[in-house]
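Some notes on the structure that comes next.
Note that this is a predicted model, so its numbers are computed, not measured. Below, read A as the first sequence line, B as the second, and so on, with proteins coming before strands; counting in each chain starts at 1.
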Amino acid sequence: MIDVQLLRTEIDAVAKRLATRGYVLDVAAFGALEEKRRQVQTATEQLQSQRNALAKQVGQAKAKRDDALAAALMRQGTELGETLKRMEAENTVVQERLREFVSLVPNLLDASVPVGNRPEDAVEQRRWGEPRKFAFRPKDHVDLGATLGGLDFDTAAKLAGARFVVMKGAIARLHRAIAQFMLDTHTAEHGYVEVYAPYIVTGACADGVTSLAKFKGDLFKIEDRDLYLIPTSEYPVTNFVRDTIVPLEQLPLRFACYSPCFRSEAGAAGKDTRGMIRNHQFDKVELVQIVHPAKSYDAHEELTGHAEAILRKLELPHRVVTLCTGDTGFSSAKTYDIEVWLPGQNAYREISSCSNFEAFQARRMQARFRNEKGKPELVHTLNGSGLAVGRTLIAVMENYQRADGGIDIPPALQHYMGGLKVIATSR
RNA sequence: GGAGAGGUGACGGAGCGGUUGAACGUGCCGGUCUCGAAAACCGGAAUACGCGCAAGCGUAUCGUGGGUUCGAAUCCCACCCUCUCCGCCA
């Protein structure tokens with residue numbers, strides 16, 4: 001959530017900055033709401049003050065056994081009560097409306113974010129590795145999976161409809177190996193604490209990391225309950241610190257969480273209908289950091305590096321881009337996407353998204369720390385995929401494919417595959 | 001799922017209709033004493049919001065949301081959570 005004080009004091013500057021996102025801040029609407037709020041809140045508090053004073057007088061009158069005075073004061077209180085009740089109800093409505101307005105405003109972007117409104121306006125930061133030159137025409141993961149019998153979309157469709165996958169045999173094991181490898185790397189080499197968390201969270205938690213009102217269509221909801229399947233473990237893990245004040249010396253908190261992710265609108269745009277690039281269910285190892293505000297941009301660079309390290313160890317060519325203003329997510333102040341090379345598509349495709357949310361999520365969650373002066377202050381939160389497991393599987397399959405349709409196992413994963421070096425075709 | 005107990009400040013723990021933002025203790029910060037420290041003593045200390053240039057004043061907050069009342073941490077209702085016992089279960 002954006003700081004309301006900022007809207008009150010510098011709304012024109014805020015509107016200008018938000019415009020680079022393509023977001024139109026309704027300055028007039030906010031002004032009107034704010035004016036109304038000020039008026040109603042002040043009136044309400046004055047009435048409450050009168051009621052409190054009156055009640056106190058009743059108590060004093062009763063202590064002096066002045067029943068006549070007490071009765072008169074109580075009659076006054078009854079009258080006041082009715083006016084107050086109406087005013088309080090109005091106040092609740094106005095406050096709620098204002099809260100709603102503010103909670104729908106996206107985060108302010110960092111000054112370093114490139115201006116643009118199309119995905120192609122992302123700015124490349126660096127590249128690692130050279131796409132392999134194939135002596136044959138490389139297949140995509142769907143064909144490779146069909147040949148190996150390891151990816152079965154037909155059976156998945158029978159079970160749950162489109163955009164799911166069934167994995168079998170060595171491919172299923174490779175999928176598991178990749179997740180284990182990522183988790184081990186982040187905990188052993190990058191200083192993250194492995195966590196296991198619920199795959200279902202409350203609406204309040206969802207609203208803590210983004211705007212639930214705005215994005216609930218992307219989520220699977222549990223019927224008749226205020227509970228949602230997580231679209232990423234960012235949801236439960238970042239909320240570890242909701243409504244808490246973290247001691248200064250405990251920062252930074254670093255968590256790595258392996259979980260399935262469920263996304264309802266995964267295919268709404270009609271993109272990537274083939275294969276398992278974009279499914280309703282996929283696994284991901286998520287990195288989450290809770291940090292001191294002064295250190296969040298350093299942490300952002302580090303976290304992105306931790307995600308990249310996985311691709312370097314797997315020797316998968318990739319690049320890092322900074323998303324442009326129009327393409328950066330609602331809660332984020334700055335986002336790096338890591339894109340891996342997919343020979344089957346002859347393109348770099350997103351495999352990780354690493355964001356600094358500054359205090360935007362912390363304000364929604366009321367996640368604070370006790371600062372150097374002993375005062376509570378909002379933390380900064382970050383997260384990034386480290387990495388999406390299914391897409392990493394695709395990248396390994398496509399980049400390590402052999403002319404005969406088999407898959408070489410990257411050296412870093414062989415240990416996790418019981419020493420296996422190749423997934424061979426059975427035909 | 002059934003039966004019972006309970007949710008109060010950093011923590012422990014009182015309060016069970018009136019001047020209680022909340023006794024008391026521990027912890028924390030400042031001071032006195034001391035060569036220094038401990039002990040003892042004195043003092044201070046919640047969060048959010050509103051109005052105000054400021055000093056300051058006001059409002060809200062005792063799990064959450066409603067209700068009763070002139071007045072609710074205290075009474076009533078619903079929900080959530082924790083603990084104990086029973087049942088069921090990977």
Side-chain angles (χ1 to χ4, degrees), chain A residues 1-9 11 30-103 196-208 212 222-228 236 239-251 260 359-360 362-379:
Chain A
M1 196 153 64
I2 198 164
D3 187 356
V4 201
Q5 297 298 350
L6 219 52
L7 289 178
R8 289 186 184 139
T9 55
I11 191 154
F30 177 79
L33 262 176
E34 178 62 7
E35 175 58 33
K36 181 82 178 161
R37 189 226 95 226
R38 187 184 303 257
Q39 191 189 315
V40 174
Q41 181 173 338
T42 307
T44 304
E45 290 182 356
Q46 267 168 16
L47 287 170
Q48 285 171 331
S49 177
Q50 283 173 39
R51 176 206 56 197
N52 291 346
L54 211 54
K56 198 174 264 188
Q57 285 172 40
V58 172
Q60 284 164 349
K62 289 212 167 180
K64 287 186 208 150
R65 297 173 183 282
D66 189 342
D67 290 343
L69 178 59
L73 289 167
M74 280 159 69
R75 239 176 288 122
Q76 274 185 55
T78 309
E79 283 171 36
L80 185 67
E82 279 165 35
T83 322
L84 177 59
K85 204 166 188 175
R86 255 180 281 122
M87 200 51 95
E88 278 180 333
E90 193 177 346
N91 188 41
T92 306
V93 170
V94 173
Q95 299 282 356
E96 179 52 30
R97 239 187 253 149
L98 191 68
R99 196 205 62 80
E100 210 170 280
F101 181 97
V102 176
S103 80
Y196 171 87
Y199 300 156
I200 298 173
V201 296
T202 62
C205 286
D207 203 56
L212 180 60
I222 306 294
E223 194 172 18
D224 296 331
R225 306 198 54 178
D226 179 34
L227 294 171
Y228 300 82
N239 276 286
F240 282 5
V241 291
R242 90 176 338 235
D243 289 324
T244 57
I245 298 174
V246 183
L248 180 63
E249 64 274 14
Q250 280 181 22
L251 296 179
F360 190 82
R363 193 173 289 110
R364 299 178 89 93
M365 292 189 300
Q366 281 306 295
R368 297 177 292 176
F369 72 106
R370 209 166 278 285
N371 69 17
E372 291 79 352
K373 289 177 184 156
K375 290 289 172 198
E377 185 181 336
L378 294 169
V379 295

Would you measure the distance from the P atom in B:rC29 across to the matching atom in B:rA22 and give it in whole Å? 23 Å

Suppose you measure atom C1' in B:rG25 against the same atom in B:rC35; what distance do you get, rounded to whole Å? 33 Å

Between the protein and nucleotides 51-56 of chain B, are there any N/O to N/O pairs under 3.5 Å, and if so, what are the atom names and distances?
| from | atom 1 | to | atom 2 | distance (Å) |
| --- | --- | --- | --- | --- |
| B:rC51 | OP1 | A:R38 | NH1 | 2.4 |

Could you work out the separation of B:rU8 and B:rG21 based on their C1' atoms and round it to a whole Å? 11 Å

From CZ of A:R364 across to P of B:rA48 the rounded distance in Å is 19 Å

When the distance from CZ of A:R99 to P of B:rC49 is rounded to whole Å, what number comes out? 15 Å

A:E249: what forms a side chain to side chain contact (heavy atoms under 4.5 Å, CB included) with it, not counting sequence neighbours? A:P247

Apply ring pair (Phe, Tyr, Trp, His ring centres under 6.0 Å) to A:F369 and list each qualifying residue two or more places apart in sequence or on a separate chain. A:H292

Closest-nucleotide mapping onto RNA chain B: is A:Q48 or A:I245 further toward the 5' terminus? I mean the 5' end. A:I245

I'd like to check the side chain to side chain contact (heavy atoms under 4.5 Å, CB included) partners of A:R99; sequence neighbours left out, ordered by chain and number. A:E96, A:S103, A:D207

Heteroatom pairs (N/O) under 3.5 angstrom, protein to nucleotides 10-15 of chain B:
none

Between CZ of A:R368 and C1' of B:rU47 the distance, given in whole Å, is 6 Å

In whole Å, what separates the C1' atom of B:rA55 from that of B:rA38? 41 Å

C1' atoms of B:rG6 and B:rA14, separation to the nearest Å: 16 Å

Give the rounded distance in Å between these two atoms: CE of A:M87 and P of B:rG50. 18 Å

Whichever of A:Q366 and A:Q60 has its nearest RNA chain B nucleotide further upstream toward 5': A:Q60

Calculate the interatomic distance between A:E88 atom CD and B:rU69 atom P; express it in whole Å. 14 Å

Without decimals, in angstroms, what is the distance between A:L84 CG and B:rU59 P? 12 Å

Starting at CD of A:Q46 and ending at C1' of B:rA60, how long is that distance when rounded to a whole Å? 16 Å

Can a side chain N or O of A:K64 be found less than 4.0 Å away from OP1 or OP2 on B:rU19? no

Could you tell me the separation between the CD atom of A:Q41 and the C1' atom of B:rA48, rounded to a whole number of Å? 11 Å

A:N371 (side chain) donor-acceptor with A:E377 (main chain) under 3.5 angstrom: no

Which residues satisfy the salt bridge (Lys or Arg N to Asp or Glu O under 4.0 Å) test with A:R8, sequence neighbours excluded? A:E34

Looking only at heavy atoms, which two atoms of A:R242 and A:G208 are closest? And how far apart? NH2-CA, 4.1 Å

Closest non-hydrogen atom pair, A:V201 against A:A206: CG2-N, 4.5 Å

Heavy-atom closest pair (A:A43 atom, A:M87 atom, distance to 0.1 Å) is CB-CE, 3.9 Å

A:N52: which residues meet the side chain to side chain contact (heavy atoms under 4.5 Å, CB included) condition with it, sequence neighbours left out? none

Could you summarise the pairing of RNA chain B as dot-bracket text, marking Watson-Crick and G-U pairs under 3.5 Å with ( ) or [ ] inside the strand and | across strands? ((((((((.[[[..)..(.....]]].(((((.......))))).((((((....)))))).[[[[[..)....]]]]])))))))....

Rounding to an integer number of angstrom, what distance separates B:rG58 and B:rG43 when you compare their C1' atoms? 27 Å

By side chain to side chain contact (heavy atoms under 4.5 Å, CB included), A:Q95 pairs with (sequence neighbours left out) A:R37, A:Q41, A:N91

Mind listing the closest non-hydrogen atom pair of A:F360 and A:I2 along with its distance? CE1-N, 3.5 Å

State, yes or no, whether a side-chain contact exists between A:T83 and A:L47 at a heavy-atom distance under 4.5 Å. yes

Expressed in whole Å, how much space separates the P atoms belonging to B:rC79 and B:rU84? 23 Å

Going by side-chain contact (heavy atoms from CB on, under 4.5 Å), A:V241 matches just one of A:Q366, A:R368, A:M365. Which one? A:M365

Enumerate the residue pairs fulfilling salt bridge (Lys or Arg N to Asp or Glu O under 4.0 Å) with a member in residues 76-90 of chain A, sequence neighbours excluded, ordered by first and then second residue. A:K36-A:E90

With a 3.5 Å cut-off and sequence neighbours excluded, list the donor-acceptor pairs that the side chains of residues 63-74 of chain A form with protein atoms.
| from | atom 1 | to | atom 2 | distance (Å) |
| --- | --- | --- | --- | --- |
| A:D66 | OD1 | A:L69 | N | 3.2 |

Each nucleotide in nucleotides 70-81 of chain B should get exactly one letter: B, S or -. Can you fill that in based on protein heavy atoms under 4.0 Å? BS----------

